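Index from 1, following the sequence. Predicted model, so just to flag it, every value in this text is computed and none were measured.
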Amino acid sequence: MSVKTFAAIDVGSYELSMKIFELSPREKLKEIDHIRHRIDLGTETYTTGKLSHEKVDELCRVLCEFGDIMKSYRVTDYQAYGTSAVREMANREIVLEQIKMRTGISIEILSNSEQRFLDYKSIASRGESFHWLISNGTAIIDIGGGSIQVSLFDKDSLVTTQNMRLGILLIREQLTKLKLRHSQYEDIIEEMAGSQIEVLEKLYLKGKKIDNIIVVDEYISNALGKKDRRYLENYIDGDTYLKFMEEIRERPLAELGKTLQMPEESILLLFISSMLVLKFLHTMGAAKLWIPGVTLCDGIGYEYAEKNKILVTTHDFEKDIIDCTQNISKRYMGSKKRGETLEKIALTIFDSMKKIHGLSKRERLLLRLAALLHDCGKYISMTNVGEASYEIVMSTEIIGISHAEREIVANVVRYNYREFSYDRYGRECIPDIHSYLTVAKLTAILRAATGLDRSHKEKFRDITAVLREKQLVLTVNTTYDITLEKGLFSSKAAFFEEIFEVTPVIKRKRGK
């Protein structure tokens, strides 16, 4: 039996963490060690934008120790990610290069949406409990140092995901600056969080029944787990959580730290995190809480096992990305039927051109997102749809795709309506040559698909695409008059021909 040893490293806002996993067809994903080191990167990054030399030295020292531990376990592969504290460094490229040269460990930066998607996968790694909960109205409250992510599920579908600048390190800094007494903390946290949570309630919770809350958090899960491990394995009701809150409220921080075997500075973060969850619990009226005690490292390990086909997931994560995108389109009054028609045509063209375009399954997903969001800008401007759509996509987080991928989608919906820019280094800079070429190819495909549905009346019951030498023959089955589509298709097809050196032509097959 082949067994791989994998290390997942999380360079977090308040802690360096590494989990060692054994991956095998039999055991799937088995945790064999968890190493943690407290290091407050977030406070410096969020206040000054940089890390001090002392912090960089400490970071490198601990990562060298992690490297030695990986050698002792004979780790065959690893993945190291930096989250918000590293992401928000003004000089992150310089710091990451120093770390790589001094430790041999390469750290990749996760965008917020990627980080939260991995946290989400870490919950999914707990199996049936996750699938059972999200079949009903469920909110995932993912509490980080710099922000909170709130994701709403209903009937196993991701309805929306929103990021809120309510990170526990940021709140702690505000409390410290105000020089408050401990007795004042609760009211101040309520005031700081209340306004943002009220906006969330007005915009996204109206008419939605939230039965369950899943909390991804470092401190509450730690405290509850020390009281009773069963709290991490099963859901708890609101009354149980309120009793837990009363204990945190009434006991001095130092005394609580001794009882829970947690440093006093962590107890303050526990208090902040617990108060935020209590506010969400009251706002949403949920009956059940599940605090599974998962970390980003679990999500990293889960994704690695999934990619290497060691673990077969029963949950369709790509569907979550599509569901989220469809709900964004709905928010901006996009036509679901029109979006789905355009998506079907675009994917038919994409699949027929595999030998020519050289794009992967991931780019196929980005094309789907662009098709669904192609006209969201009409909500803002009927005459400047491309630019308005671009701004909406860039301003809206889509969980599960990176910032760079969001830029690709945004540029595709922009250039679907306006002349393509050949100067990728100008004002409309696209980050790298691969992204630039991807934007060009996906734009060409989306334009061709748009040309086939120019009237927006979804005239085609079905469409086939066959590549024949230098022609892409698009056979449409319809009883409708397609004079408009045929007459205007050449303008859309010109860019397609320029990009692929293939001429798309329409062939009609009369439907019955």
Review point. Checking side chain to side chain contact (heavy atoms under 4.5 Å, CB included) for the pair Q326/E340: CA distance, chi angles, key distance, verdict?
Key: CA-CA 9 Å; Q326 287 176 329; E340 289 175 348; 3.8 Å; yes
Sidechain-backbone polar pair: [X] side chain, [Y] backbone, donor-acceptor under 3.5 Å:
X	Y	answer
S221	G293	no
D298	V294	no
D432	S435	yes
D316	E318	yes
H37	S17	no
Y436	Y422	yes
S352	I349	yes
Y78	S106	yes
N327	V159	yes

Salt bridge or not between [X] and [Y]? Use side-chain N to carboxylate O under 4.0 Å.
X	Y	value
E397	R116	no
K279	E190	yes
D10	K19	no

Review point. Quick one: side chain to side chain donor-acceptor pair (under 3.5 Å) pairs with a partner in residues 193-213, sequence neighbours left out?
Key: T138-N212, Q162-Y204, K209-D211
Indicate the atoms forming the closest heavy-atom contact of [X] with [Y], along with that distance.
X	Y	value
L110	Q115	CD1-CA, 3.9 Å
A193	L276	CB-CD2, 3.6 Å
A346	L367	O-CD2, 3.7 Å
F6	G301	CE2-CA, 3.8 Å
Y46	S84	OH-OG, 2.6 Å
I210	I213	CG2-CG1, 4.5 Å

**Study point:** Test log, rule side chain to side chain donor-acceptor pair (under 3.5 Å), inputs N411 and Y390
**Key:** CA-CA 6 Å; N411 276 292; Y390 173 87; 4.8 Å; no
To the closest 0.5 Å, what do you measure between [atom1] ([X]) and [atom2] ([Y])?
X	Y	atom1	atom2	value
I140	D119	CD1	CG	9.5 Å
H434	I408	NE2	CD1	6.0 Å
Y14	D40	OH	CG	5.5 Å
R368	K344	CZ	NZ	13.0 Å
E108	I9	CD	CD1	11.5 Å
I197	M192	CD1	CE	11.5 Å

Review point. Does the side chain of D156 pick up a donor-acceptor pair with the side chain of S135 at under 3.5 Å?
Key: no
**Study point:** Y417 and T450: side chain donor to acceptor below 3.5 Å
**Key:**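 The criterion, which ignores hydrogens and geometry beyond distance, is not satisfied for T450 and Y417.
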Check your understanding: Could you go step by step and tell me if S111 and S402 meet the side chain to side chain donor-acceptor pair (under 3.5 Å) rule?
Key -> CA-CA 6 Å; S111 68; S402 68; 5.7 Å; no
Practice item. Start with the C-alpha distance between E44 and K50, add both sets of side-chain angles, then the distance that settles salt bridge (charged side-chain N to carboxylate O under 4.0 Å, His left out), and finish with yes or no. Key: CA-CA 6 Å; E44 284 190 357; K50 293 184 179 182; over 6 Å; no
Hey, are the side chains of [X] and [Y] touching, using non-hydrogen atoms and a 4.5 Å cut-off?
X	Y	result
Y219	S274	no
I168	I148	no
R338	H374	yes
C324	T161	yes
I188	L178	yes
S113	H403	no
R172	I272	yes
I399	D320	no

Check your understanding: Applying the side-chain contact (heavy atoms from CB on, under 4.5 Å) test to K441, which of L359, L446, I356 qualifies?
Key ->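 Filter result, single survivor: L359.
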Point to revise | Aromatic Y332 / basic K378 pairing, under 6.0 angstrom, 45° off normal | key: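 The answer is no; the distance or angle limit is not met.
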Point to revise | Full working for side chain to side chain contact (heavy atoms under 4.5 Å, CB included) between Q149 and N112 | key: CA-CA 9 Å; Q149 192 83 13; N112 182 67; 2.9 Å; yes
Neighbour count above 12 (heavy atom, 6.0 Å) for [X] [atom1]:
X	atom1	answer
K319	NZ	yes
I94	CD1	no
K330	NZ	no

**Study point:** Partner set under side-chain hydrogen bond (donor to acceptor under 3.5 Å, both in side chains) for S122, not counting sequence neighbours
**Key:**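 Here no residue qualifies.
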Check your understanding: How would you list, by chain and number, every residue that makes a side-chain hydrogen bond (donor to acceptor under 3.5 Å, both in side chains) with S360, sequence neighbours excluded?
Key -> E363
Point to revise | By salt bridge (charged side-chain N to carboxylate O under 4.0 Å, His left out) - contacts of R406 (at least two apart) | key: none
Exercise for review: Scan for ring-ring contact (aromatic ring centres under 6.0 Å, His included) pairs involving residues 147-170, sequence neighbours excluded, and state none if there are none.
Suggested key: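 Pairs touching residues 147-170 that pass the test: Y120-F153.
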Point to revise | side chain to side chain contact (heavy atoms under 4.5 Å, CB included) between V505 and L474, intermediate numbers included | key: CA-CA 6 Å; V505 294; L474 301 166; over 6 Å; no
Point to revise | Mutual orientation of the aromatic rings belonging to F495 and F420 [parallel < 30°, tilted 30-60°, perpendicular > 60°] | key: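 Judged by the thresholds at 30° and 60°, the geometry between F495 and F420 is tilted.
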Point to revise | Where at least one partner belongs to residues 78-99, residue pairs that pass salt bridge (Lys or Arg N to Asp or Glu O under 4.0 Å), sequence neighbours excluded | key: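 Sorted pair list: E88-R165.
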Exercise for review: Test side chain to side chain contact (heavy atoms under 4.5 Å, CB included) on T45 and L51 and set out the steps.
Suggested key: CA-CA 6 Å; T45 298; L51 280 186; 3.9 Å; yes
